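Numbering of ligands and ligand atoms starts at 1, following listing order. Bear in mind the structure is a predicted one, so any value in this text is a computation, not a measurement. The figures here come from the full heavy-atom set of this structure, side chains too, leaving out hydrogens, waters and symmetry mates.
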Amino acid sequence: MASATGPAAQAGNVTEEVDAVVLGAGVAGLYQLHQLREQGLRVRSFDAAGDVGGTWWWNRYPGARFDSEGYIYQYLFDESLYKDWAWSQKFPGQPEIEQWLHYVTDRLDLRKDIRFGTRVTAAHYDEDRGRWLVHTDQGDVVDTQFFVSCAGMLSAPLKNIEGTESFRGELVFTSSYPAHGLDLAGRRVGVVGVGATGIQVIQTIAAEAGHLTVFARTPQYVLPMKNPAYTEADQQRYKERFGELRATLPHTFTGFEYDFEHAWADCSPQQRETILEETYQDGSLKLWLASFGEMFFDQGVNDTISEFVRNKMRERLRGDQHLIDTLVPADYGFGTHRVPLENGYLETYHRDNVDLVNVRNNPIAQIRAEGIELSDGTLHELDVIILATGFDAGTGSLTRIDVRGRDGRSLADDWGRDIRTTMGLAKHGYPNLLTTAVPLAPSAALCNMTTCLQQQTEWITSAIRDLRSEGKTTIEPTARGEDAWVDHHEEVASATLVHNTTSWYLGSNVPGKPRRVLSYIGGVGMYRQKCTDEAADGYPSFART
Ligand code: NAP
């Protein structure tokens, strides 16, 4: 890999000169490219994927689908772009989502500026010239003023099990599941991981696989999804709400259409039970994101709601103690980690062809030629292994690139010591590096991603516009500005119960990763206001020259 001073970093090798490089062509990257182009910038986008879609291109595993309602996951900046697309159901699946992103790409004529199948390997800031040199695995060396990352919160897969290469059957990660699928009929299939991804895979392939063995470590609270097909009248109805959705989504706590509507203290036990039951029966994330906000702060409230959900899960597991012990969380609170929606997931374990292996106290030791071996030596022989083992969230997409800021400082080293950003939009020491979906902004945790990504890309667009209109060329957070944001983030995060739960929300799934609540949890509306104020006040947390 090129170093900051190595030959590849010399401007002489430049293959293209632009104003902005946008990394990634998913939900954020597409909109960022559009906005910067509209501003008159020359933009080059790169994506390692074969086409647009970002997470929705890579995650083609069986059962991949939204658990945000489709009609709130769309872009809201253009009414006709919104209304000329119609979802076939409330929570559409990956193929339809990918089609939607193709529709957006074609409508905005974005493809011509995106280079697919091209991985950015390094980005070095040249302080003398105030510009970045961006290198790709295809030999590009792009000289650019701005380097904008839209590489995604959950795009660096975690590969933490030894021996994957020795397996003699078929082994896939869900994050790079083959587009043509896998033939599972009659075969012995193993799935590792019961997070949001594993759950979708398991419930979808159980009927097709000859035999399915699920390896589960940390149990997960789940909520049943209701996913009605949409008639034309349904589509018309939600489209008519465009103005209302545009006015509401950016200001709710989570960027969903609903918000916390009830105060625990104001309700009688009977009223609380009714609200929990009603939000549970909604078949959406309402119980998590629109029942009682106190669940995130008050241990007593959280205990009661957790027990409500556990009881629902136990009922569905029909008293089977092995299933209950393995699948029902006992040692962390509901909502303090991502709550997936599912369709018949728990019932899957009642099938004769499905086995559940608890690897909490008997961890996976390695993958061998024949299958998965546990620490006690038990070998589960398999023909297919599907790894749904998660991601190096928030930081992984950028730390896997050799990003160097002022004085050759390395982002991987900086974030390897401590994960700090300014509003998740920039990082001290890295002028003109602007970021989306990185830590310390609201993101996949507790946020409808499209709401957050639209706001972040729009803020970046305005920041660049303001800079240029003032005849300035660089923007970089000050050390003080960054300290203040990190302190604020910590204050908010440490007041919540999220802080106590081990999961990717804290980076604790990645050995050696510094612990910090990755997503800002002061609420999407509040975050937005703080970003807006920062710009309106003349960017006091930034040095602009
Ligand atoms: P995840 O939530 O991190 O789950 C990874 C799973 O793999 C966990 O059960 C984890 O167990 C297990 N695991 C990892 N390494 C293991 C090992 N060596 N041995 C045994 N088990 C191991 O990752 P994810 O399921 O991919 O979901 C990540 C996020 O993506 C979600 O939280 C969500 O935000 C997003 N997502 C969204 C959707 C949607 O919108 N519908 C769908 C899928 C994913 P431990 O918990 O014990 O580490």
Open item on the list: Regarding ligand 1, does Thr218 bring an N or O atom to under 3.5 Å of one of the ligand's N or O atoms?
Closed with: yes
Task: ligand 1 contact by Phe215, heavy-atom criterion under 4.0 angstrom - done: no
- [ ] Have a look at ligand 1 and work out which part of Arg360, if any, has a heavy atom under 4.0 Å from it: side chain, backbone, both or neither.
- [x] neither
Open item on the list: Given Val222, which partner from the list Leu341, Val339, Leu346 fulfils the side chain to side chain contact (heavy atoms under 4.5 Å, CB included) test?
Closed with: Leu346
TODO: Please name all residues satisfying side-chain contact (heavy atoms from CB on, under 4.5 Å) with Glu278, sequence neighbours left out, ordered by chain then number.
DONE: Thr274
Task: Option with minimal heavy-atom separation from atom 38 (C) of ligand 1, where the choices are His337, Arg338, Gln220 - done: Arg338
Open item on the list: So that I can tick it off, tell me whether Arg420 and Glu490 are bridged by a salt bridge, with the cut-off set at under 4.0 angstrom between side-chain N and carboxylate O.
Closed with: no
Open item on the list: Please classify the Tyr61 to ligand 1 contact at 4.0 Å (heavy-atom distances, strictly less than): side chain, backbone, both or neither.
Closed with: side chain
TODO: Pull out every atom of ligand 1 sitting under 4.0 Å from any heavy atom of Phe391, numbered as shown with elements.
DONE: 26 (O)
Task: atom 26 (O) of ligand 1 [closest protein heavy-atom partner, distance rounded to 0.1 Å] - done: Thr197 OG1, 2.7 Å
Task: Ile161 contact mode with ligand 1 (heavy-atom cut-off under 4.0 Å) - done: side chain
- [ ] Check whether the side chains of Trp87 and Gln74 place a donor and an acceptor atom closer than 3.5 Å, and report yes or no.
- [x] yes
Open item on the list: My understanding is that only one of Tyr103, Tyr238, Phe242 makes a ring-ring contact (aromatic ring centres under 6.0 Å, His included) with Trp85; could you say which?
Closed with: Tyr103
Task: Glu257 with Lys286: basic N within carboxylate O range, under 4.0 Å - done: no
Task: Phe66 ring center within less than 6.0 Å of Trp56 ring center - done: yes
TODO: Identify, by atom number and element, the atoms of ligand 1 in contact range of Leu154, meaning under 4.0 Å from any of its heavy atoms.
DONE: 29 (C), 30 (O), 34 (O), 35 (C)
TODO: Can you pull out the closest protein heavy atom to atom 9 (O) of ligand 1? Residue, atom name and distance to 0.1 Å, please.
DONE: Val194 N, 3.0 Å
- [ ] Identify, by atom number and element, the atoms of ligand 1 in contact range of Gly193, meaning under 4.0 Å from any of its heavy atoms.
- [x] 6 (C), 7 (O), 9 (O), 12 (C)
TODO: Would you tell me which option among Ile97, Asp67, Asn160, Val192 has the nearest heavy-atom contact to atom 18 (N) of ligand 1?
DONE: Asn160
- [ ] Give a yes or no on whether Arg119 atom CZ has more than 12 heavy-atom contacts from other residues, nucleotides or ligands under 6.0 Å away.
- [x] no
Open item on the list: Heavy atoms only, cut-off 4.0 Å: how does Thr389 contact ligand 1, side chain, backbone, both, or neither?
Closed with: both
Task: Positive for side chain to side chain contact (heavy atoms under 4.5 Å, CB included) with Lys427, one of Leu398, Leu434, Leu411 - done: Leu411
TODO: Considering heavy atoms of the protein only, find what lies nearest to atom 23 (O) of ligand 1 and give residue, atom and distance to 0.1 Å.
DONE: Gly390 CA, 3.3 Å
Open item on the list: Which residue and atom name correspond to the protein heavy atom nearest atom 17 (C) of ligand 1, and how close is it?
Closed with: Arg217 NH1, 3.4 Å
Task: Nearest non-hydrogen protein atom, atom 41 (N) of ligand 1 - done: Arg65 O, 2.6 Å
Open item on the list: With heavy-atom distances below 4.0 Å as the criterion, list the atoms of ligand 1 near Phe66.
Closed with: 41 (N)
TODO: For the pair Tyr505 and Ser519, evaluate side chain to side chain contact (heavy atoms under 4.5 Å, CB included) and give the outcome as yes or no after the intermediate values.
DONE: CA-CA 7 Å; Tyr505 274 26; Ser519 287; over 6 Å; no
Open item on the list: Measuring centre to centre across the rings, with the benzene-like ring taken for any Trp, is Trp485 within less than 6.0 Å of Tyr520?
Closed with: yes
TODO: Please work out which of Pro157, Ala388, Ala64, Ala196 has its closest non-hydrogen atom nearest to atom 36 (N) of ligand 1.
DONE: Ala196
Task: disulfide (SG to SG under 2.5 Å) involving Cys150 - partner list, sequence neighbours excluded - done: none
Open item on the list: If I apply the N/O under 3.5 Å rule, does Trp504 come out as touching ligand 1?
Closed with: yes
Open item on the list: For atom 4 (O) of ligand 1, what is the closest protein heavy atom, and at what distance to 0.1 Å?
Closed with: Gly195 CA, 3.6 Å
